[in-house]
Amino acid sequence: MLRPAHALLIALLALAAPARAATPAAATPAAAEPCRPVEAQGETFTVCTIDLRRQRLRLFWLSDDGKPYGALGTLAEKQGGRLAFAMNAGMYDKDQAPVGLYIEDGHELKRASTADGPGNFHLKPNGIFWVKGERAGVADTARYLRAKMRPDFATQSGPMLVIDGQIHPKIAADGPSQKIRNGVGVPGDGHVAIFAISERPVTFGAFARLFRDDLGCRNALFLDGSVSSLYAPNLGRADISRPLGPLVGALPR
């Protein structure tokens, strides 16, 4: 018998898996409906599963006028109805600029930060979410830098939630801090990226366990809290928040 966590992961991956050639019509619902509600860890989350073989996953920061998109609704409008999913994608400063590594279309616009400091970003190890063609990954910052990767897109945030199957050592099982949170994890061979946002304030511990135990991600990264926002047209959802910095979105290939 499948454990509930394994059953949930299999169900999510089945939604994103490429359809067989004999049944092309079956591909449409999975591509058009990447997001679904999930009950796990005694909480409710919305989980969005993106198969990079079927959808182009990329980062957005500055629009054509050189200013940050700043809002998911603005990004959706400028993409002309092609956007199937979007979410805030990493921490940023008062000018809406990334505080760590940011790569877009292969161009490094902000360098990786290895500095110490206050706040969640500096709760080390922090990490980097990257996309290269039809694959994605999450790695702690030191490992990413050692690998000398050249991704198409990358964003740095922190802390890591799950590192090689282990919860971040500084994340308590159920600490006192509870916030709306969002993050990303990558299971298996990297063809699928899984994004999640909590529907009410949750602890870091519960959020990390969601990715490890319920979504089957050996590595997962915290993207932010409080400003966490989701654009999911298949759910009729377009969150409004304070001005945002980097964004991640899925487009048709």
Side-chain angles (χ1 to χ4, degrees), residues 48 56-80 82-83 85-132 136 138-142 144-145 149-161 177 179-184 193 195-198 201 204 207 220-232 237-251:
C48 303
R56 184 171 182 242
L57 189 62
R58 59 155 297 166
L59 295 170
F60 303 86
W61 173 29
L62 302 176
S63 62
D64 292 339
D65 61 8
K67 298 178 181 179
Y69 285 97
L72 298 175
T74 302
L75 176 63
E77 180 181 353
K78 293 194 174 185
Q79 292 303 312
R82 299 184 304 138
L83 197 65
F85 148 85
M87 180 178 276
N88 57 295
M91 295 177 184
Y92 52 96
D93 62 21
K94 60 182 177 59
D95 296 318
Q96 297 165 259
V99 297
L101 179 70
Y102 184 82
I103 296 174
E104 188 171 326
D105 287 323
H107 301 292
E108 184 178 283
L109 304 183
K110 295 279 287 190
R111 298 183 63 182
S113 171
T114 58
D116 296 323
N120 290 327
F121 181 87
H122 296 103
L123 187 61
K124 294 182 176 178
N126 56 21
I128 291 166
F129 169 67
W130 57 266
V131 175
K132 178 74 172 177
V138 170
D140 69 78
T141 299
Y144 173 92
L145 293 175
M149 298 184 61
R150 298 178 64 87
D152 300 324
F153 300 92
T155 183
Q156 186 177 9
S157 193
M160 289 285 288
L161 296 169
S177 174
K179 295 182 182 296
I180 302 290
R181 304 183 190 276
N182 71 298
V184 58
F195 298 85
I197 184 170
S198 64
F204 259 129
F207 198 51
L221 178 65
F222 179 62
L223 291 176
D224 217 331
S226 299
V227 300
S228 299
S229 308
L230 173 66
Y231 175 78
R237 179 168 174 175
D239 293 352
I240 298 173
S241 74
R242 301 198 298 270
L244 300 171
L247 308 173
V248 61
L251 299 165

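Please read all numbers here as calculations on a predicted model, not as lab measurements. Along the sequence shown, the residues carry numbers beginning at 1.
Ser63 and Asp65 share a side-chain donor-acceptor pair at under 3.5 Å. Side chains of Asp224 and Asn182: no donor on one and acceptor on the other come within 3.5 Å. There is a side-chain donor-acceptor pair under 3.5 Å between Gln156 and Thr141.
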Run Gln96 and Leu244 through side-chain contact (heavy atoms from CB on, under 4.5 Å) and show every step you take.
CA-CA 6 Å; Gln96 297 165 259; Leu244 300 171; 5.7 Å; no
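Annotation: the span from Lys110 atom NZ to Leu101 atom CG amounts to 10.5 Å, rounded to 0.5 Å. Taking OG of Ser113 as the reference point, atom NE2 of His122 lies at 4.5 Å (rounded to 0.5 Å). Atoms CG and CZ, on Leu247 and Phe60 in that order, are 8.0 Å from each other to the nearest 0.5 Å. Taking CG of Leu221 as the start and CG of Asn126 as the end, the distance is 8.0 Å to the nearest 0.5 Å.
Residue pairs satisfying the ring-ring contact (aromatic ring centres under 6.0 Å, His included) criterion with at least one member in residues 85-109, sequence neighbours excluded, are listed as follows: Trp61-Tyr102, Phe85-Phe195. For residues 111-128, the salt bridge (charged side-chain N to carboxylate O under 4.0 Å, His left out) pairs, not counting sequence neighbours, are Asp116-Lys124.
Heavy-atom contacts from other residues, nucleotides or ligands closer than 6.0 Å to CG of Asp64 number 12 or fewer. The neighbour count for Glu77 CD, taken as heavy atoms of other residues, nucleotides or ligands under 6.0 Å away, does not exceed 12.
The pair Asp105-Lys132 does not count as a salt bridge, with every side-chain nitrogen at least 4.0 angstrom from each carboxylate oxygen.
A side-chain donor-acceptor contact under 3.5 Å links Thr155 to the backbone of Ala89.
Less than 6.0 angstrom separates the ring centroid of Phe204 from the ring centroid of Phe222.
When all heavy atoms of Leu223 and Ser157 are compared, the pair lying nearest together is O-OG, 3.2 Å.
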